[in-house]
Each structure stands twice: as C-alpha cells, then as structure tokens.
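The analysis underlying the following values was restricted to heavy atoms, covering all of them including side chains, and did not include hydrogens, waters or symmetry mates. The chains referred to below are lettered A, B, ... by the order of the sequence lines, with proteins before strands, and numbering in each begins at 1. Because the structure is predicted, anything quoted here is derived from the model rather than measured.
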Amino acid sequence: MGSINALRGTKDILPAEVGYWQQLETIAYQTFARAAYQEIRTPIFEQTELFARGIGEATDVVGKEMYTFTDRGDRSITLRPEFTAGVVRAFIQHSLGSQGSVQRLWYAGPVFRYERPQAGRQRQFHQIGAELIGNGSPAADVEVIAIATDILQQLGLKSLKLDINSVGNQEDRSNYREALINYLTPYKAELDSDSQDRLTRNPLRILDSKNENTQTIVQNAPQLLDYLSETSRIHFEQVQGMLNALEIPFTINPRLVRGLDYYTHTAFEIQSDDLGAQATVCGGGRYDTLVEQLGGKPTPAVGWAMGVERLILLLEKLQTRSPETPAVYVVSRGDQATSQAMVLTQKLRSQNIAVEFDLTGANFKKQFKRADNSGAQVCLVIGDAEAEATTLNVKWLATQAQTTVTQAEFLNTIETFRAQLQDHLGQG
RNA sequence: GCGGGUGUAGCCAAGUGGUUAAGGCAUCGGAUUGUGGUUCCGACACUCGCGGGUUCGAGUCCCGUCAUCCGCCCCA
C-alpha cells in the first residue's frame, strides 16, 4: 500500500471517541474556572536547554525521551515533553509574579516523548494540568490536589487511589541520598542491573523498583520520611490534616519518588487498577526551586498533570456514550424542493436546532432509511408536489405520524415545533 | 533501548503447503422510479501489513522490515 499512515505512537482522535474528549475538557474547564484558575497557552517547542535545566539532565525524560532537532538557525529545539518548564519560563519572562501575587494557571495540549508505545503510552499524548505559582503553604498543595480529585470525581471515575509522599527540601534529600547510598552499596552486586546503574545516578528511584530481589533489599533501607527536617515534616503533616478535613482519602507511600528532578516536599500520584502497567492517571507535586533554577526569583510552586489518553481509556470502559444525533433529518427530491429544504434547514439551525440535510437526492426510500439510521426524531419532507405548493410534510419517525403544513406556517410556529421536540426528548 | 505475542475487506473473522481466499456486520445497487426500521436478490480482498527467500506450488514455512499489543524501563 502506498498510503501514508499516522506515525508510530501518534493517533487520530475520530468522531466516535471525540465525545469523551469534549466531556473531559468541559469538566476540567469548568472546575478550573470555579477555582479561579486561568488558562495559559505556551509554545509546543522550546529551547532544549529549558527542559535540560528544568527537568534535570539525569532524568530519563531528558536523557532519552525528548524529540530534539536543530532548526535552520542552528538552534537546538525540543518538542515539549511536559508543560511545567514552559509555564514557568513564561511566568518568569512576563514577570507574572512581579506583584507577589499568586498565579493560578491551567493548561491542556499535546506533549511529546520518544518512547516505545504501549497501552496508555504514546509518543504524542495529551495532558491537562494545573500550576499554582507563588505560594508555599500546605494549603496550596491541598487546593491543587482537591481540584484534581474533583475533576476525576465528576468524570465518574471510581476506584482511583491517591498516594502522597514528601521528598523534603533539597538538603533533606541530599542527606537521605547519602544515607541510602551507604546502605545500598554493600548490596550492590545483588541489585538488578537497572538499579545498579541508578545507584550513583538517581538512587532514590531504586526504592520503587519492581524487581523482587531489589525490593527485599530495600525493605530495610533508611526511610526518607525519617530524614525530613522539622519544617518539612510539619508541612507534610499539615497537608495530610487538610486532606483529611476535605475527606479526600489518601495513602502515604514512602517509596513514591517522582522521576523529574524539580520536586520538593509534597509528591503525589493518582492511579487506577484498570490500566495495566501504565497506571498513573495524574502526577504532580511541589517544586519550590524550579523558578529560581530557571532564572527567576525564588518562588514556591505546586502543580500536577493528568494524562488525557489514560483517562479516556477509563471513560470508555465505564460508559457507552451514544454519539451526537441530529433532532431533525431533512429529505428532499427535485431541484426546487432541495432549494426550499435548504432554506428551511438553515432557519432551523439558526434557531439552535440540530439538523442533518440529506444531500443525495436519492429516492425517498433511501433517504428515509438514512433518516432512521441518523437517530433523528423527526423528518421534514419536501418533494416536487410540496415545492409546488410551498408546503412540507412533518413526519415523526417513532410514531409514523405525518402532517402537512405550509412552509410559512411552519416557520411561524417554530417554537411549538421545538417544544414538540423537547417532549419527544423527554420521553426518551 | 530490551524480551515476548499478533498482523486476512471499513469492522469481526474462517483458513493447520495444493484448483476461483468461507461467513457475519456495515456500506452501496435493485425488488418497491413519493415515504424508514422486516424480507429477498446482487455488488463489495487481481489478493492475505510491506520486502525478500525456500518450494513444482506460500495467506500458510524462513529472514528482514513496519505497525500494533503485553511486559521491562520510564512516566501522564
């Protein structure tokens, strides 16, 4: 076949499933609006250095998953592998925090990672996320988590688990890192090969290895929570207290270590049991040093991102959504009739009634068959005879009841017609 | 990047080296040239993801490649 297909790891979102996307986007948009969050849109590509510095050179995302290329001006460009770095860059560039005010931001759009695709993992995928920049209180962490759980709940997604942890501040973490390396080094030979590599590069990630042997070794490792400073511990406890007050169930997972370098203090993840290996549906945390790291003033911040495709997978399992159907199907035959029918159709549409117009001019049998398949409640029919008399037939498909009215009268009583449609909708 | 499974029409598929590649759904045409959801008839894969090889003969076996799925890694 000489035809061209969508690239590996990319997908077309077809009409049959786009309803789920719209549902998700609508709910997210309304939830953000209620919480006084404003949308921000940043470029899809940025200087490579932004991500290298922001996400961390040692991370897998930067090390092996970025779509990086050189443009015609010899600049190194990268398709965004996540939103936070770009949003923070915009925050700094436009001095959004200059008044010392809090910025509550949300975003939605595609991101790109060069990975091997599997269920719930694509090379171009979509995220919806929130960033609260300029406030370091535990209440900020909780606000952001509450918005995430609110959205998921409105989507009707049950059996999701919220895990939280604290990775402390940078000092806590470097102390802990040292302790962990000291503990693990004697076992080095017994660790799985991935974990051996991570021992120097990113030892905290060894904690969540899936290798059984590694897990038994890690059982007795020192705990990150024991290395938290007084202020870090208090912060974490306050977060937990407020989550309890909001009756948002959570589990403390001391092994939860997120893969991006910028996290401090609170880290959290929301997972589903119904997605196989790619279980995380929402991930986020606090990142108090990132703004400064990217050249801004020291500014605390917290945020999360949701994976849209993974949520859609869950929604599809949960619901059978009927596709959008028109209320009215218009059938016509003959040039004059078709012209009159088109005028009627546009009038109805301008009155906010959903109308599908049959363009085929085929015999009435065919057109009625399509009318039936369309799911419309009512058929408007204009043939040669009706065109001659400037009338039309109104046929209710469920009852087969058909009446003839003049086109002028039909347009004058369009509100009555709409009410009849509502009645039929109501009977469902 | 590593390990394993799969790939026949728009969709679901039968096919286990031998004449013209079952069947179902959907679609289109007709029976019924102005009225639907039923029924009946007909059409719909010069070819089995793509390329090469073995063989008298390949959808079927082998190699490569692409895509997809599962797991690892990682993340949303």
Side-chain angles (χ1 to χ4, degrees), chain A residues 1-11 14 16 55 58-66 81-84 108-129 148 192-195 197-198 202 205-206 208-211 256-260 268-272 275-284 303-314 329 331-334 337 358 360-376 378-387 393-402 404:
Chain A
M1 54 154 76
S3 58
I4 296 174
N5 294 330
L7 281 172
R8 164 164 239 208
T10 69
K11 263 187 179 158
L14 300 174
I55 299 171
T59 62
D60 280 31
V61 169
V62 171
K64 58 181 196 190
E65 294 173 4
M66 294 205 301
E82 57 116 41
F83 273 87
T84 303
V111 293
F112 306 85
R113 290 182 199 172
Y114 192 90
E115 294 187 90
R116 183 117 176 217
Q118 61 189 66
R121 195 170 80 183
Q122 296 170 204
R123 290 183 171 180
Q124 174 177 337
F125 62 103
H126 296 75
Q127 291 188 333
I128 291 177
D192 62 281
S193 60
D194 284 318
S195 294
D197 289 346
R198 288 186 291 212
N202 201 347
R205 294 219 55 90
I206 297 173
D208 67 349
S209 167
K210 285 176 192 166
N211 182 283
L256 171 59
V257 180
R258 313 219 68 256
L260 312 183
F268 65 92
E269 241 172 47
I270 299 173
Q271 300 196 325
S272 165
L275 285 174
Q278 314 304 325
T280 302
V281 127
C282 175
W304 52 256
M306 288 184 189
V308 176
E309 280 80 358
R310 291 182 187 174
L311 290 172
I312 303 279
L313 286 175
L314 293 175
Y329 194 94
V331 162
S332 68
R333 194 158 160 75
D358 195 306
T360 62
N363 65 48
F364 281 104
K365 182 181 177 70
K366 299 292 177 198
Q367 295 198 54
F368 272 95
K369 190 164 185 168
R370 275 192 288 270
D372 198 47
N373 286 338
S374 78
V378 65
C379 220
L380 303 185
V381 189
I382 303 182
D384 291 332
E386 291 77 16
N393 297 331
V394 179
K395 178 165 184 178
W396 295 88
L397 288 166
T399 60
Q400 304 198 43
Q402 178 169 300
T404 303

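Here, rC48(B) and rA58(B) have their C1' atoms 11 Å apart, quoted to the whole Å. The same atom, P, is picked in rU6(B) and in rC61(B); the two are 10 Å apart, to the nearest Å. rA9(B) and rU47(B) have their C1' atoms separated by 11 Å, given to the nearest Å. For the P atom pair drawn from rC63(B) and rG7(B), the interatomic distance equals 15 Å after rounding to whole Å. When the P atom is compared between rG53(B) and rA14(B), the two are found 30 Å apart, to the nearest whole Å. Spacing between rG10(B) and rC44(B) at atom P, rounded to whole Å, works out to 15 Å.
The side chain of N373(A) lies closest to rU27(B) when the candidates are rA76(B), rC75(B), rU27(B). Here the nucleotide nearest the side chain of D194(A), chosen from rG34(B), rC72(B), rA76(B), is rC72(B). Looking at the side chain of A385(A), the nearest of the listed nucleotides rG34(B), rA76(B), rG36(B) is rG34(B). When distances are taken from the side chain of R8(A) to each of rA67(B), rG30(B), rG37(B), the shortest belongs to rA67(B). Each of rC73(B), rA76(B), rG34(B) was ranked by its minimum atom distance to the side chain of A305(A); first place goes to rA76(B). Side-chain proximity of K365(A) to rU38(B), rC72(B), rC75(B): nearest is rU38(B). Here the nucleotide nearest the side chain of P117(A), chosen from rC73(B), rG37(B), rU68(B), is rU68(B). Which of rC72(B), rG36(B), rC75(B) sits closest to the side chain of D372(A) comes down to rG36(B). Nearest to the side chain of F368(A), among rA76(B), rC70(B), rU35(B), sits rU35(B).
Rounding to whole angstrom units, CD of residue Q122(A) and C1' of rA67(B) are separated by 14 Å. Per the geometry, CG belonging to N363(A) stands 12 Å off C1' belonging to rA31(B), to the nearest Å. The CD atom of E115(A) sits 15 Å away from the P atom of rC2(B) (whole-angstrom rounding). The distance between atom CZ of R123(A) and atom P of rC69(B), rounded to the nearest whole Å, is 12 Å. In this structure, the CZ atom of R116(A) is 10 Å from the P atom of rG4(B), given to the nearest Å. Taking atom CG on N211(A) and atom C1' on rC2(B), their separation rounds to 15 Å, with Å as the unit. Atom NZ in K369(A) sits roughly 9 Å away from atom P in rU39(B) (whole-Å rounding). K366(A) has its NZ atom 14 Å from the C1' atom of rG37(B), to the nearest Å.
Across all strands shown, rG37(B) forms no Watson-Crick or G-U wobble pair with both distances under 3.5 Å. Nucleotide rU65(B) is matched to rG49(B) when pairs are restricted to Watson-Crick or G-U wobble geometry with both distances under 3.5 angstrom. Base pairing analysis places rA9(B) opposite nothing; no Watson-Crick or G-U wobble pair with both distances below 3.5 Å involves it. Checking rG1(B) for Watson-Crick or G-U wobble geometry (two distances, each under 3.5 Å) identifies rC72(B) as its partner. In this structure rA22(B) sits in no base pair that meets the Watson-Crick or G-U test at under 3.5 Å.
Here R333(A) lies in heavy-atom contact (under 4.0 Å) with sugar-phosphate atoms only. Within 4.0 Å of E309(A), counting heavy atoms only, lies no atom of the nucleic acid at all. Residue-level contact check: A119(A) touches the backbone only, with heavy atoms under 4.0 Å from sugar-phosphate atoms and none from bases. Looking at heavy-atom distances under 4.0 Å, G9(A) makes contact with sugar-phosphate atoms alone, never a base. Contacts of E269(A) with the nucleic acid, taken as non-hydrogen atoms under 4.0 Å apart, are absent. If you check every strand for non-hydrogen atoms under 4.0 Å, G283(A) touches sugar and phosphate atoms only. At a threshold of 4.0 angstrom between heavy atoms, the contacts of G284(A) with the nucleic acid are absent.
Contact of the S195(A) side chain with the N211(A) side chain is not registered, since no non-hydrogen atoms from C-beta on lie closer than 4.5 Å.
The phosphate of rC73(B) (OP1 or OP2) has no side-chain N or O of R113(A) nearer than 4.0 angstrom. Phosphate proximity of rG36(B) to Q367(A): absent, as no side-chain N or O sits under 4.0 Å from OP1 or OP2. Under 4.0 angstrom from either OP1 or OP2 of rC70(B) there lies no side-chain N or O belonging to R121(A).
Rounding to the nearest 0.5 Å places CD of Q278(A) at 10.5 Å from CD of Q271(A). Atom CD1 in I128(A) sits 9.5 Å away from atom CZ in F83(A) (nearest 0.5 Å). If you take CG on D372(A) and OH on Y329(A), they are separated by 10.5 Å, rounding to the nearest 0.5 Å. The distance from atom NZ of K11(A) to atom CZ of R123(A), rounded to the nearest 0.5 Å, is 13.5 Å. Between the OG1 atom of T360(A) and the NZ atom of K366(A) there is a distance of 10.0 Å, given to the nearest 0.5 Å.
Side chain of Q124(A) to main chain of G9(A): no donor-acceptor pair is present (N/O by atom type, distance under 3.5 Å, no hydrogens or angles). In terms of modelled atom types and a separation under 3.5 Å, the side chain of R310(A) and the main chain of G120(A) share a donor-acceptor contact.
When the nearest nucleotides of RNA chain B are assigned to G120(A) and E386(A) by heavy-atom distance, the more 5′-ward of the two goes with E386(A).
Taking syn as a glycosidic angle within 90° of 0, rC48(B) does not qualify and is anti.
Between the side chain of Q402(A) and the base of rU35(B), at least one donor-acceptor pair of N or O atoms lies under 3.5 Å.
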